[in-house]
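All chains are named by letter (A, B, ...) in the order of the sequence lines, taking the proteins before the strands, and each is independently numbered beginning at 1. Every value quoted in this text rests on a predicted model; they were computed, and no experiment measured them.
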Number of protein chains: 2
Amino acid sequence: MAVKQTYNVERFFQALGDHTRLRLLNLMGDQEICVCYFVEILGGPQSKISRHLAYLRSAGIVSARRESKWMHYRIVMPPHIGATQILKQTLGWLKEEKTMQTDRARLTKACCSPSKYVLLEGAPPPIKLEAPSCEVC
Amino acid sequence: MAVKQTYNVERFFQALGDHTRLRLLNLMGDQEICVCYFVEILGGPQSKISRHLAYLRSAGIVSARRESKWMHYRIVMPPHIGATQILKQTLGWLKEEKTMQTDRARLTKACCSPSKYVLLEGAPPPIKLEAPSCEVC
DNA sequence: CTTTCATATACGTCAATGCGTATATATAAG
DNA sequence: CTTATATATACGCATTGACGTATATGAAAG
């Protein structure tokens with residue numbers, strides 16, 4: 001039978017212990033976002049973004065969905081009430097950080113006029129989610 | 001003038017991303033505790049405990065007080081409302097974890113009969129704190 | 001099938017971290 | 001001063017993690 005194994009708390013916190021990953025989570029918020037937006041807004045090599053997204057996936061904090069060429073990422077609440085509460089609180093906290101506000105503003109701007117960004121030509125826009133999918137709430 | 005610099009969020013989460021450090025924080029709770037109790041309850045080499053306590057100190061999550069030969073550690077709430085809330089929530093979460101409950105039970109036991117533990121002969125007992133010292137609440 | 005585009009992974013390097021062992025430091029006791 | 005006790009730090013080693021660069025994969029277009 002399926003034994004309810006203890007959630008990996010350490011891995012969860014480790015995933016939150018990196019600036020780039022926090023920026024990614026902040027951009028996702030309650031939206032499902034295409035990787036190309038992350039690359040555009042965070043800058044730097046695309047592989048860097050992809051590696052951090054993989055880390056978040058391995059920690060069970062985000063999930064990915066393929067849509068033809070594009071990959072969409074969204075936050076998924078961990079299967080643990082404690083982790084879920086902390087993640088939500090962290091996301092709220094990030095909204096007050098200056099860097100994070102700037103990132104979000106740039107995302108909004110990019111979404112309004114994607115044609116101005118070479119990387120975003122024809123890119124699928126973010127999809128507003130009703131509520132962050134949560135397995136415990 | 002003293003500029004309010006941004007709190008190091010990443011360092012905060014990194015400090016929480018280790019099992020031994022979470023066990024230490026769980027044992028402290030709202031008490032000020034002598035290092036010898038940590039050594040007794042967590043087991044393993046004393047240097048390991050000391051190193052993790054140093055890490056928590058460097059992250060600003062605990063503070064140390066010397067009382068003759070003994071060092072007492074307590075949790076100090078970070079100078080940031082967001083981090084404080086998350087730390088409190090984490091401490092509450094830990095109380096529900098099995099390993100953490102066992103640790104706390106062992107601490108209680110050790111405090112009731114310190115004479116049974118060679119390491120704790122004459123050790124100063126934990127000191128209940130009125131409330132976790134918090135700089136932002 | 002070949003090319004193109006979006007994304008993921010492999011590789012090599014370097015810094016950070018965790019651990020056990022040994023040693024240093026600080027205080028108290030004799 | 002010497003010794004004993006409590007705690008912290010230094011050292012060497014193994015692992016993890018972050019990075020840039022290069023390459024692989026997967027899907028669509030020609």
Side-chain angles (χ1 to χ4, degrees), chain A residues 8 10-24 28 32-59 62-74 110 114 117-126, chain B residues 8 10-24 28 32-59 62-74 110 114 117-126:
Chain A
N8 191 339
E10 294 78 30
R11 186 70 175 174
F12 171 74
F13 282 121
Q14 285 168 359
L16 299 181
D18 179 271
H19 189 58
T20 302
R21 287 195 290 269
L22 289 179
R23 290 179 74 188
L24 290 170
M28 287 181 225
E32 188 188 52
I33 300 190
C34 176
V35 172
C36 53
Y37 287 92
F38 298 135
V39 175
E40 173 66 36
I41 291 168
L42 297 200
Q46 166 265 329
S47 63
K48 177 177 173 179
I49 306 292
S50 195
R51 255 186 281 113
H52 282 293
L53 287 171
Y55 196 114
L56 289 170
R57 255 188 292 125
S58 79
V62 305
S63 72
R65 180 178 64 88
R66 175 178 288 278
E67 181 191 341
S68 72
K69 291 193 296 186
W70 294 280
M71 291 292 285
H72 298 257
Y73 279 81
R74 69 164 72 186
Y117 302 82
V118 179
L119 288 172
L120 301 179
E121 284 281 358
Chain B
N8 190 338
E10 294 78 30
R11 187 69 176 173
F12 171 74
F13 282 122
Q14 284 167 0
L16 298 181
D18 178 271
H19 188 58
T20 302
R21 289 196 288 271
L22 289 178
R23 291 179 74 188
L24 290 171
M28 286 181 226
E32 188 188 53
I33 300 191
C34 176
V35 172
C36 53
Y37 287 93
F38 298 136
V39 175
E40 171 67 36
I41 291 168
L42 297 200
Q46 166 267 326
S47 64
K48 176 176 173 180
I49 306 292
S50 195
R51 254 186 284 111
H52 283 292
L53 287 171
Y55 196 114
L56 289 171
R57 255 189 292 128
S58 80
V62 305
S63 72
R65 179 179 65 86
R66 176 178 288 278
E67 180 191 341
S68 72
K69 291 193 296 189
W70 294 282
M71 292 292 285
H72 298 257
Y73 279 81
R74 69 165 72 187
Y117 301 84
V118 179
L119 287 172
L120 301 179
E121 284 281 358

Output the rounded distance in Å from CG (A:Leu16) to C1' (D:dG17). 16 Å

To the nearest Å, give me how far apart CG (B:Leu24) and C1' (C:dG18) are. 14 Å

How would you list, by chain and number, every residue that makes a side-chain contact (heavy atoms from CB on, under 4.5 Å) with A:Ala54, sequence neighbours excluded? A:Arg57

Give the nucleotide from the list C:dA8, C:dA10, D:dA8 with an atom nearest to the side chain of B:Tyr73. D:dA8

With sequence neighbours excluded, what pairs up with A:Ser47 under the side chain to side chain donor-acceptor pair (under 3.5 Å) test? none

Looking at C:dC19, C:dT21, D:dC19, which one has an atom nearest to any side-chain atom of B:Pro45? C:dT21

Mind calculating the distance between CH2 (B:Trp70) and C1' (C:dA26) to the nearest angstrom? 13 Å

Applying a 4.0 Å non-hydrogen cut-off, can you work out what A:Phe38 is touching in the nucleic acid: base, sugar-phosphate, or nothing? nothing

Using atom CD1 of A:Ile49 as one end and atom P of D:dG20 as the other, report the distance to the nearest whole Å. 10 Å

Does B:Arg21 make a side-chain donor-acceptor contact with the base of C:dG18, cut-off 3.5 Å? no

In residues 52-59 of chain A, what residues come within less than 4.0 Å of DNA chain D, judged by heavy atoms? A:His52, A:Tyr55

Taking D:dT21, C:dC19, C:dT7 as options, the one with an atom nearest any side-chain atom of A:Cys34 is C:dT7

Side-chain N or O of B:Arg11 less than 4.0 angstrom from OP1 or OP2 on C:dT17? yes

5'-most contact on DNA chain D: A:Gln14 or B:Ala64, nearest heavy atom basis? B:Ala64

Could you give the NZ-to-P distance, from A:Lys48 to C:dA8, as a whole number of Å? 16 Å

Residues passing the side chain to side chain donor-acceptor pair (under 3.5 Å) test with B:Arg11, sequence neighbours excluded, are B:Tyr55, B:Ser58

With a 3.5 Å distance limit and no angle check, can you tell me whether B:Arg21 reaches the backbone of B:Gln14 through a side-chain donor-acceptor pair? yes

Hits for side chain to side chain donor-acceptor pair (under 3.5 Å) against A:Arg66, two or more places apart or cross-chain, chain-then-number order -> none

Check the distance between D:dC11's P and B:Arg51's CZ and give it to me in whole angstrom. 14 Å

A:Glu40 CD to C:dA6 C1', in whole Å, measures 14 Å

pair B:Ser50-B:Phe38: side-chain heavy atoms closer than 4.5 Å: no

Go along nucleotides 22-30 of chain D 5' to 3' and tag each nucleotide: B for a protein heavy atom under 4.0 Å from its base, S when only backbone or sugar atoms are that close, - otherwise. B----SS--

If I take atom CG in residue A:Asp18 and atom P in nucleotide C:dT17, what distance separates them, rounded to the nearest angstrom? 12 Å

